[in-house]
Amino acid sequence: MQLSALTLTSLPATIQTPTYDRSTVAPGVVHLGLGAFHRAHQAIVFNQLLTGGDTRWGIHGVGMTRPDLVNQLKAQDGLYAVRIADANGVKWQVPGALWRMNVAATERDAVVQAIAAPSTRWVTLTVTEKGYTPALGQLLLDGLRLRQQAGLPGLTIASCDNLQGNGHKLQALVKAAIQANDTAPQNAALLCWLDAQCAFPCSMVDRIVPAATPEVLVAAQEALGLQDTCALSTEGFWEWVIEDRFADPLDAALLQNTGVRVTRDVHSYEEAKLRMLNGSHTAMALMGAVTARPYIASCIGAAHIKTFVHQLMSKEVAPHLSRSDWAEYRDALIARFANPYLKHSVHQIATDNSQKIPQRWPPSVLGQIAKGASFDHHALAAAVFLRYTLGVDESDQTYALNDPQAASLTALGAAQHSESAACVRALLSREDLWGSALPNNTAWINRVMHWHQQVLQNGVDLAIQQLLSLEA
């Protein structure tokens, strides 16, 4: 039998299940980007609010392009199991916050109508860095315009993606759509309503949620006694830091009661996550992909990679952060990376590197340059990134680059064995990856060139060990 609303009562008593009515109230949240992360993070928070009796937090989930996941979730009435596993043990939960589902690519009008629905109070987004396009701005605008025309109140529209100033970027995207499509009088009225009625808080979200594996699906069936094609595995740790900027100011206290941190200073948490967690994740993912280590836990389990990550964060990232508890955050990250239950694929994390690296590495490198300090850890990571573009690991197994710039990156790196220096220069000249300053920095180019030679000649592991020996 399959997990569904009808089979919920057959689950073991040890599994937390929804205690509220999921059928009589319209959703209050529209979520764009119905992937694993949202279902194991914000959906859990909204489930907690619903469990407390506040029925305004049911989710209308929107898959942006994938009908397969939406269809699987529909078949299970929006229910799925989440395994929460770490050093404290293992527990299973079935959140019930996901009430309705659509696919934006094929059911766009239904999504617009959901944004415009009188019951909707929030829109949240996890569409990834590459999803912030004019089409996204237009989708939101079409729903918001209907709200304005109907005399409905505005919304809290919260980006939960790994973008610095994500709320500001999202608001600018919507305003650009207004200015591109409406006549002047409509522009003025809609912009005025948007500024007065809607809130675009910046936020930082943190929880490691790998893509589901066959092992998780088997474990879910054993725990539930039912088949669950949408089961997920995550860690006990989670963090959501959101700017104190809401269409309904009373939402701040509600969120704080669930464990969300509401603050005016999201930036310090945001930059720490992007550069410490995400930056080291990207470095490890590239190292793992090239050395044929399948998971992040496999990487951090190697002593030299663990030391590399510790030093990367301590010596090259932390000096430029405003988060005061960075040392505790670093140590917690290393422990989280080692969680054996999180089969976090290095190739999954290495997806869309061209969109991620610009925010994760250059700020720390530029900070080190300004101090006259070493940036060798980032230079070695950049060298491994170039080696990764070959599409074949050190065991001669091929892999595909899953990246919007895959074609240009593969072409750029193809000749690196015969023309190493030229390939390094070509990679480092790209301002879309490194910004405007680093492509002209000779010291940076020379160190990446040095480490690229070591990676090609001796392999990634020996290059890492050589770097560590220089600092011993």
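In this text the structure is predicted, and so the values were computed from the model without any measurement. Along the sequence shown, the residues carry numbers beginning at 1.
Between the side chains of Asp21 and Ser23, at least one donor-acceptor pair of N or O atoms lies under 3.5 Å. A side-chain donor from one of Thr229 and Gln76 sits under 3.5 Å from a side-chain acceptor of the other. The closest side-chain donor-acceptor pair between Asp161 and Tyr132 falls under 3.5 angstrom. There is no side-chain donor-acceptor pair under 3.5 Å between Asn402 and His347.
In this structure, CG in Asp403 is found 8.0 Å from NZ in Lys130, a value given to the nearest 0.5 Å. Note: Asp251 CG to Arg56 CZ = 6.0 Å, rounded to the nearest 0.5 Å. Rounding to the nearest 0.5 angstrom, the gap separating the CZ atom in Phe46 from the CG atom in Leu254 is 11.0 Å. Put simply, OG on Ser10 and CG on Leu224 are 8.0 Å apart, with the number rounded to the nearest 0.5 Å. The CE atom of Met287 sits 14.5 Å away from atom OG of Ser298, with the distance rounded to the nearest 0.5 Å. Within the model, atoms CZ of Arg66 and CG of Asn71 stand 11.0 Å from one another, a figure rounded to the nearest 0.5 Å.
Judged purely by atom type and a 3.5 angstrom limit, Ser280 uses its side chain to pair as donor or acceptor with the backbone of Leu277. In terms of modelled atom types and a separation under 3.5 Å, the side chain of Gln197 and the main chain of Gly154 share a donor-acceptor contact. Side-chain atoms of Tyr295 never come within 3.5 Å of backbone atoms of Gly288 as a donor-acceptor pair (strictly under, hydrogens ignored). The backbone N or O of Ala247 sits less than 3.5 Å from a side-chain atom of Thr156, completing a donor-acceptor pair. A distance-only check finds a donor-acceptor pair linking the side chain of Ser4 to the backbone of Leu6 [under 3.5 Å]. Within the 3.5 Å criterion, the main-chain N or O of Glu235 finds no donor-acceptor partner in the side chain of Arg83. No donor-acceptor pair closer than 3.5 Å links the side chain of Arg275 to the backbone N or O of Ser364. Judged by distance alone, with hydrogens and angles left aside, the side-chain atoms of Gln2 form no donor-acceptor pair with the main-chain N or O of Leu226 at under 3.5 Å. Panel note: side chain Thr120, backbone Ala114; a donor-acceptor pair is recorded below 3.5 Å. Checking side-chain atoms of Gln227 against main-chain N and O of Leu3 turns up no donor-acceptor pair under 3.5 Å.
Two residues are said to be in side-chain contact when any heavy atoms from C-beta on lie closer than 4.5 Å; Ile44 and Gln93 meet this criterion. You'll find the side chain of Thr258 stays beyond 4.5 Å of the side chain of Trp240, heavy atoms only. Looking at Trp193 and Leu144, their side chains come closer than 4.5 Å, going by heavy atoms from C-beta outward. Between Ser322 and Glu271 there is a side-chain heavy-atom pair separated by less than 4.5 Å. The shortest side-chain heavy-atom distance between Asp352 and Glu129 does not fall under the 4.5 Å cut-off. Counting only heavy atoms from C-beta outward, the side chains of Leu139 and Val112 approach each other to under 4.5 Å. With a 4.5 Å cut-off on side-chain heavy atoms, Val290 and Glu394 count as touching. Counting heavy atoms from C-beta outward, Gln416 and Leu390 have side chains that approach closer than 4.5 Å.
Minimum interatomic distance between Trp92 and Val216 (heavy atoms only, all atoms of both residues): CH2-O, 4.1 Å. Cys299 approaches Val346 most closely through the heavy-atom pair SG-CG1, 4.0 Å. Residue Val82 comes nearest to Tyr80 through the heavy atom pair CG2-CE1, 3.6 Å, listed as atom of the first residue, atom of the second, then distance. Residues Ser159 and Asn166 approach most closely at OG-CB, 3.2 Å, considering heavy atoms. When all heavy atoms are compared, the tightest approach of Glu270 to Gly165 is OE2-N, 2.9 Å. The shortest non-hydrogen separation linking Pro210 to Ser233 is CD-O, 3.3 Å.
Ring pair Phe337/His281: centre-to-centre distance below 6.0 Å. Between His168 and Phe200, a ring centre-to-centre spacing not shorter than 6.0 Å is recorded.
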**Request:** Begin from the C-alpha positions of Gln221 and Asp228 and carry the test side-chain contact (heavy atoms from CB on, under 4.5 Å) through to its verdict.
**Result:** CA-CA 7 Å; Gln221 185 163 346; Asp228 177 4; over 6 Å; no
**Message:** Apply salt bridge (charged side-chain N to carboxylate O under 4.0 Å, His left out) to residues Arg147 and Asp142 and explain how you reach the verdict.
**Reply:** CA-CA 9 Å; Arg147 297 188 70 86; Asp142 289 348; over 6 Å; no
**Asked** Between Trp238 and Val45, is a side-chain contact (heavy atoms from CB on, under 4.5 Å) present by the stated rule, with each step listed?
**Response** CA-CA 10 Å; Trp238 69 276; Val45 175; 3.8 Å; yes
**Request:** Kindly indicate, with the supporting measurements, whether the criterion side-chain contact (heavy atoms from CB on, under 4.5 Å) is fulfilled by Ile305 and Met284.
**Result:** CA-CA 8 Å; Ile305 296 180; Met284 280 190 289; 4.1 Å; yes
**Request:** Begin from the C-alpha positions of Asp393 and Arg293 and carry the test salt bridge (charged side-chain N to carboxylate O under 4.0 Å, His left out) through to its verdict.
**Result:** CA-CA 10 Å; Asp393 65 29; Arg293 291 181 172 93; over 6 Å; no
**Asked** Going through the checks in order, is the side chain to side chain donor-acceptor pair (under 3.5 Å) test met by Ser203 and Glu243?
**Response** CA-CA 6 Å; Ser203 74; Glu243 187 179 11; over 6 Å; no
**Prompt:** Hey, mind stepping through His31 and Thr126 against side chain to side chain donor-acceptor pair (under 3.5 Å) and telling me if it holds?
**Reply:** CA-CA 8 Å; His31 180 79; Thr126 50; 2.7 Å; yes
**Message:** Between Trp99 and Asp77, is the side chain to side chain donor-acceptor pair (under 3.5 Å) condition met? List the steps.
**Reply:** CA-CA 7 Å; Trp99 292 357; Asp77 300 318; over 6 Å; no
**Request:** Any chance you could lay out the side-chain contact (heavy atoms from CB on, under 4.5 Å) test for Asp195 and Lys175, step after step, and finish with the verdict?
**Result:** CA-CA 10 Å; Asp195 287 338; Lys175 288 189 171 184; 2.8 Å; yes
**Item:** Worked check of side chain to side chain donor-acceptor pair (under 3.5 Å) between Thr51 and Gln48
**Value:** CA-CA 5 Å; Thr51 300; Gln48 191 174 339; over 6 Å; no
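Each of Arg261, Arg336, Lys273 was scored for a salt bridge (Lys or Arg N to Asp or Glu O under 4.0 Å) with Asp206, with one residue passing: Arg336. For the side-chain contact (heavy atoms from CB on, under 4.5 Å) with Ile157, the qualifying choice from Leu32, Thr124, Val123, Ile115 is Val123, the only one to do so.
Under 4.0 Å is where a charged nitrogen must lie from a carboxylate oxygen, and between Arg323 and Glu239 at least one such pair does.
Geometric assessment of Arg207 against the ring of Phe237 yields a negative cation-pi assignment under the 6.0 Å and 45° thresholds.
With sequence neighbours excluded, the residues forming a side-chain contact (heavy atoms from CB on, under 4.5 Å) with Thr282 are Leu286, Asn353, Ile357, Arg360, Trp361, listed by chain and number.
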